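Below: the structure, in structure tokens.
Order of the sequence lines sets the chain letters (A, B, ...), proteins ahead of strands, with each chain counted from 1. These values consider heavy atoms only, across backbone and side chains, with no hydrogens, waters or symmetry-generated copies. In this text the structure is predicted, and so the values were computed from the model without any measurement.
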Amino acid sequence: MTIDNLLAQLNPPQREAVTYLDGPLLVLAGAGSGKTRVLTYKIAYLIARAVVRPEEILALTFTNKAANEMKHRVEQLLGMDVRGLWIGTFHSICARILRREIHHLGFQRNFTIYDAGDQLAQIERIMQFLNLNRDLVKPRQVQYVISQCKNKMMDALAYEKTATDFVSQQIAKIYLEYETALRRNNALDFDDLLIKPLQLFSERKDLLARYQERFKYVLVDEYQDTNKAQYHLVRLLSQPDRVICVVGDEDQSIYTWRGADITNILSFEKDFPDCRVIRLEQNYRSTQTILDAANEVVARNTQRLGKTLWSENGQGDPIEVIATASEIDEARQVVGIIAKERARGIGYNEMAILYRTNAQSRALEDQLRRTGIPYTIVGGTKFYERKEIKDLLAYLRVLVNPTDSLALRRIINVPARGIGEVSLQHLQDYADREGISLYQALAQAGRIEQLTPRAQNKMHHFISLLEEIRREVDQVNALEIASRVVEQFGLRAMYENSPDPQDQARVENINELLNSMAQFVDERPDPVDQTLAAFLEEVSLVTDIDNWDPDSPVVTLMTLHSAKGLEFPVVMITGLEDGLFPLSRSLEENEEKLEEERRLFYVGMTRAKQRLYLLWAKSRRRFWGDDFASQFQNVPSRFLREIPARFKQERDLTGVSESPATRFVSLEDAAWEEAAGTQEEGQSYQPGQVVVHDTFGRGEILAVESSRHGTKLTIRFGRAGVKKIVAEYANLELL
DNA sequence: ACGGGATAGCTTTTT
DNA sequence: GCTATCCCGT
């Protein structure tokens with residue numbers, strides 16, 4: 001395609017964004033305004049005009065899927081291969097840099113990437129080692145603090161200095177130990193992937209200069225969701241010529257909870273005073289009704305640069321707001337909508353069901369399965385978290401990086417081979433004494449006097465087999481290694497002859513992993529790309545959404561977060577209840593949290609091209625609180641009220657749930673319904689009501705939750721803050 | 001050393 | 001309610 005043809009396909013602001021090359025550029029791209037198009041065309045333009053060569057471009061995206069699509073699109077536009085182009089997520093690009101350079105920081109190139117689960121396991125182990133009571137701080141909390149620190153680029157020593165109270169001092173200790181453990185294991189966690197390159201570049205200016213020289217043009221997608229580390233990385237790599245183009249939408253910033261810093265985009269103009277700002281406000285996706293409604297909602301936020309979307313797609317249908325009695329009824333209504341849309345000629349793959357939390361998929365799934373509607377669930381998957389899969393992966397990790405003691409510990413006695421707690425402790429003591437890794441100690445088991453000959457023997461056998469396979473690791477492909485591991489260590493045999501159906505499922509899962517490895521190998525013609533190391537990197541950085549196939553004829557279920565960047569002709573957003581969406585924590589905390597929830601709602605609404613359905617349930621069973629399965633009484637989400645009446649059509653079906661044939665799924669459910677019903681006979685509470693408490697005074701009910709133990713109310717009092725109160729025991733006066 | 005039964009803790013969103 | 005971990009008897 002010629003450059004002129006290319007540019008002719010863009011509207012004026014898009015064209016300007018593509019061709020502007022005189023300095024830093026900020027593109028504020030509203031939902032559906034062709035942001036991906038601008039990025040791909042810009043890359044194609046840079047190459048076609050020979051401004052830079054493909055290998056001199058660095059493009060950073062939010063998902064691997066986006067990266068792959070953009071790359072294909074660029075190749076299509078140019079009609080040529082762009083192999084050298086650096087395009088990928090921040091994490092994968094950083095991993096790529098580190099695989100080449102990390103030896104400068106004292107790590108080895110074959111480092112392991114720890115996911116959240118590994119992180120947690122490592123923290124738990126350290127806490128055990130330090131003899132710390134789990135009641136003092138929960139491992140989860142420590143993990144959170146460490147991650148937040150890393151996102152702010154605060155290392156363990158710096159954190160230690162700020163730790164004034166006892167608990168933070170303990171966390172600081174764990175943090176310090178955690179860092180040494182990772183170093184010893186030659187492992188990096190997700191946050192390290194972003195931080196280590198920064199460390200590298202600050203220690204080795206020569207390397208920085210090399211990469212700065214290499215990347216003549218830097219592009220960043222979803223700039224509103226970058227954190228401090230990513231921000232610094234981008235700034236660093238775009239120097240000295242500041243040849244940079246960032247694209248983002250502050251209204252779609254939905255990841256501040258994991259360190260994304262909305263000020264990165266809000267103050268881009270301050271960081272690059274001579275930058276050009278281009279707004280893309282024409283939306284090519286949704287109907288005017290959907291856009292207007294979304295605009296009205298998000299306009300309530302204060303943290304924004306501001307823009308107003310418009311489209312030429314016509315008014316379209318009003319937004320349907322449907323009130324249902326329970327999550328089961330809500331799911332039934334969803335099924336009804338799908339059937340109706342099908343009759344109108346909408347395909348299954350053109351519909352999406354979105355929700356705030358993964359747990360909500362369950363009720364929906366039940367109904368879809370029951371009615372035979374084909375569906376797929378994106379995210380929330382725990383495939384890689386299953387025991388048998390983690391075990392197999394741990395074997396593979398040890399083969400690639402024997403110093404990964406976390407992985408080695410996991411498999412040293414799986415399947416049971418007679419290396420128990422005591423022997424393991426002796427082994428560890430020896431390793432500590434000699435200052436060597438657990439793996440090295442294992443190789444010297446014969447020299448450890450404390451071990452019984454029997455244990456020495458078992459260890460010798462185990463390590464010989466590992467070593468034998470390890471010799472092949474770089475010679476043959478990932479699949480071959482894995483199948484050998486499965487066969488020779490008897491990972492499948494462990495479950496194969498069990499009568500337990502769960503064990504049969506484990507066998508299938510192992511087969512499924514081997515299958516995906518076969519596919520991995522098949523997809524890569526070059527043996528260099530088929531290695532085990534490459535596979536392990538892929539599984540740690542690739543997510544569910546990356547493998548999601550938009551053309552498969554099934555309805556898609558996913559969280560609102562996962563839906564970012566996608567679009568569907570028909571979108572259903574479920575669980576629009578105060579306390580669920582927006583989630584109660586954001587209501588109990590501050591206005592900023594609520595604004596983020598609102599942006600999330602905005603993201604959800606703007607996924608819809610033609611029709612948008614918003615559903616809520618008056619009563620919902622949630623696995624939460626002390627009693628794990630309690631029934632919550634809900635009022636509609638405040639977000640629903642924020643949509644002006646002229647854009648919506650409301651249907652109240654809260655009273656029509658009594659169709660006895662399908663009403664109760666089981667006796668047990670009936671009991672729950674009854675439990676929820678009883679309280680309505682006496683005093684009935686509803687979120688939003690104002691009550692007076694003897695000691696706490698006036699307060700507003702935020703949530704009503706009923707379980708075996710009675711009705712529990714979450715109330716925000718003027719002075720005492722948010723409290724949880726059992727209604728039966730408190731003398732509450734309704735106002 | 002290992003398997004069975006009791007029990008604690010869990011669910012916000014994810015690269 | 002589910003599951004991962006703990007505790008105990010063999």
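- When distances are taken from the side chain of Gln128(A) to each of dT11(B), dC6(C), dT13(B), the shortest belongs to dC6(C).
- Salt-bridge check for Glu595(A) with Arg304(A): failed, with every basic side-chain N at 4.0 Å or more from each acidic carboxylate O.
- For Lys138(A), counting side-chain heavy atoms from C-beta on, the closest listed nucleotide (dT13(B), dT15(B), dC10(B)) is dC10(B).
- Using a 4.0 Å cut-off between charged nitrogen and carboxylate oxygen, Glu365(A) and Arg369(A) count as a salt-bridge pair.
- Each of Ser423(A) and Asp544(A) was matched to the nucleotide of DNA chain B holding its nearest heavy atom; the match closer to the 5' end belongs to Ser423(A).
- Put simply, NZ on Lys387(A) is 13 Å from C1' on dT3(C), counting in whole angstrom units.
- Every residue meeting the ring-ring contact (aromatic ring centres under 6.0 Å, His included) condition with Phe535(A), not counting sequence neighbours, appears here in chain and number order: Phe520(A).
- Residues that satisfy the side-chain hydrogen bond (donor to acceptor under 3.5 Å, both in side chains) test with Thr112(A), not counting sequence neighbours, are Asn401(A), Asp404(A).
- Summarising the geometry, the separation between CD on Gln119(A) and P on dT15(B) is reported as 14 Å, rounded to the nearest angstrom.
- The cationic atom of Lys390(A) (NZ for Lys, CZ for Arg) does not lie both less than 6.0 Å from the six-membered ring centre of Tyr384(A) and within 45° of the ring axis.
- Between Asn358(A) and dT14(B) there is a side-chain polar atom (N or O) within less than 4.0 angstrom of OP1 or OP2.
- Under the stacking definition used here (centres under 5.5 Å, planes under 30°), the residue Phe190(A) qualifies as stacked on the base of dT15(B).
- In this structure, Arg258(A) is positioned above the aromatic face of Tyr255(A), its NZ or CZ under 6.0 Å from the six-membered ring centre and within 45° of the axis.
- In terms of the ring-ring contact (aromatic ring centres under 6.0 Å, His included) criterion, Tyr495(A) has no residue partners (sequence neighbours excluded).
- Glu421(A) comes within 4.0 angstrom of the backbone, heavy atoms only, and of no base.
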Detail all sub-3.5 Å separations between protein N/O atoms and N/O atoms belonging to nucleotides 2-5 of chain B.
{"unit_1": "dC2(B)", "atom_1": "OP1", "unit_2": "Gly418(A)", "atom_2": "N", "d": "3.3"}
{"unit_1": "dC2(B)", "atom_1": "OP2", "unit_2": "Asn413(A)", "atom_2": "ND2", "d": "2.8"}

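- When heavy atoms are screened at a 4.0 angstrom cut-off, Ser92(A) is found touching no nucleic acid atom at all.
- Residues meeting the ring-ring contact (aromatic ring centres under 6.0 Å, His included) test with Phe90(A), sequence neighbours left out: none.
- dT11(B) and dT5(C) are spaced 13 Å apart, taking the P atom of each and rounding to whole Å.
- For Glu124(A), counting side-chain heavy atoms from C-beta on, the closest listed nucleotide (dT13(B), dT15(B), dT5(C)) is dT5(C).
- In this entry the distance linking CZ of Arg140(A) with C1' of dA8(B) reads 15 Å, nearest Å.
- Taking the side chain of Ile545(A) as heavy atoms from C-beta on, and the options dT11(B), dT15(B), dA1(B), the nearest nucleotide is dT15(B).
- Here dG9(B) presents its P atom at 14 Å from CD of Gln141(A), a figure rounded to the nearest Å.
- A close approach under 4.0 Å does occur between a side-chain nitrogen or oxygen of Thr559(A) and OP1 or OP2 of dT14(B).
- Between dT13(B), dT15(B), dT12(B), one nucleotide has an atom nearer to the side chain of Leu583(A) than all others, and that is dT12(B).
- Of the listed nucleotides (dT15(B), dA1(B), dT11(B)), dT15(B) has the atom at the smallest distance from the side chain of Thr543(A).
- The ring-ring contact (aromatic ring centres under 6.0 Å, His included) search around His232(A) returns none, not counting sequence neighbours.
- To the nearest angstrom, C1' of dT11(B) lies 12 Å from CD of Glu385(A).
- Note: CD (Gln631(A)) to P (dG1(C)) measures 13 Å, nearest angstrom.
- Minimum atom distance to the side chain of Arg258(A) is reached by dT15(B), of the listed dT12(B), dT15(B), dA1(B).
- An aromatic stacking contact between Tyr255(A) and the base of dT14(B) is absent, as defined here by ring centres under 5.5 Å apart and ring planes under 30° from parallel.
- Thr63(A) comes within 4.0 angstrom of nothing in the nucleic acid, heavy atoms only.
- One atom, CG of Asn547(A), and another, C1' of dT14(B), lie 15 Å apart when rounded to the nearest Å.
- Rounded to whole angstrom, the span from the CD1 atom of Ile389(A) across to the P atom of dA4(C) amounts to 14 Å.
- At the phosphate of dT15(B), neither OP1 nor OP2 sits under 4.0 Å from any side-chain N or O atom of Asn64(A).
- In this structure, Asp191(A) reaches neither bases nor backbone, as no heavy-atom distance under 4.0 Å exists between it and the strands shown.
- Distances from the side chain of His91(A) to the nucleotides dT13(B), dA1(B), dT15(B) place dT15(B) closest.
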